[in-house]
Amino acid sequence: MLSLKEISEALGGISRNHALKLLTDCGVRHKVLLSRNGKKIYYDITKEQIQKGVLKEKDPKQIAIQQGIALLILEAALNRH
């Protein structure tokens with residue numbers, strides 16, 4: 001289990017927000033553990049899984065296609081009324 005800081009460092013120093021988005025998109029869950037200084041949040045992933053590419057960004061072409069389909073559906077819904 002790794003902290004968000006350790007995950008962002010393992011991914012090449014990306015920002016914490018970007019690392020959190022990748023974790024959320026990949027469905028990696030977090031666990032809250034107690035420590036001396038209060039609660040700490042750890043994610044159920046290992047450095048080996050990160051190196052294997054578990055946290056990959058989505059393909060830009062796939063994102064563009066999904067956005068286009070969403071816009072067509074929205075346009076069709078708005079044109080019904």
S.K.: Only distances under 3.5 Å count here; give the side-chain donor-acceptor pairs of residues 30-37 to other protein atoms, sequence neighbours excluded, each with its distance to 0.1 Å.
M.R.:
from, atom 1, to, atom 2, distance (Å)
S35, OG, N37, N, 3.4
S35, OG, G38, O, 2.9

S.K.: In terms of hydrophobic clusters joined by side-chain contacts under 4.5 Å, are Y43 and M1 together?
M.R.: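 The answer is no; the residues belong to distinct hydrophobic clusters.
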S.K.: Remaining members of L71's ILVMFWY cluster at a side-chain heavy-atom cut-off under 4.5 Å?
M.R.: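 Its cluster mates, by chain and number: none.
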S.K.: Rounded at 0.5 Å granularity, tell me how far CD in E9 sits from NZ in K47.
M.R.: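 It comes to 7.5 Å.
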S.K.: Can you name the nearest heavy-atom pair linking S8 to S15, along with the distance?
M.R.: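 That would be CB-O, 4.3 Å.
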S.K.: Just verifying a value: how many Å separate N79 CG and L74 CG, rounded to the nearest 0.5 Å?
M.R.: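 If we round to the nearest 0.5 Å, N79:CG and L74:CG are 9.5 Å apart.
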S.K.: Rounded to the nearest 0.5 Å, what's the gap from CG on D44 to CD on Q49? Could you check?
M.R.: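 Result: 7.5 Å between the selected atoms.
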S.K.: Test of understanding: clusters of I, L, V, M, F, W, Y form through side-chain heavy atoms closer than 4.5 Å, transitively. Do V28 and Y42 belong to the same one?
M.R.: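 Hydrophobic grouping puts V28 apart from Y42.
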S.K.: Would you indicate whether the side-chain heavy atoms of H18 and L22 approach each other to under 4.5 Å?
M.R.: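 SC-SC contact between L22 and H18 confirmed.
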S.K.: Rounded to the nearest 0.5 Å, what separates atom CG in L2 from atom CG in L23?
M.R.: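 L2 atom CG to L23 atom CG measures 9.5 Å (nearest 0.5 Å).
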S.K.: Q67: which residues meet the side chain to side chain contact (heavy atoms under 4.5 Å, CB included) condition with it, sequence neighbours left out?
M.R.: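 Once residues adjacent in sequence are excluded, the partners of Q67 under the side chain to side chain contact (heavy atoms under 4.5 Å, CB included) criterion are I63.
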S.K.: OG1 of T24 to CG of N17: how many Å apart, nearest 0.5 Å?
M.R.: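 Those atoms lie 10.5 Å apart.
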S.K.: Would you mind reporting whether I7 and I50 have side-chain heavy atoms less than 4.5 Å apart?
M.R.: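 Yes; the side chains approach each other to less than 4.5 Å.
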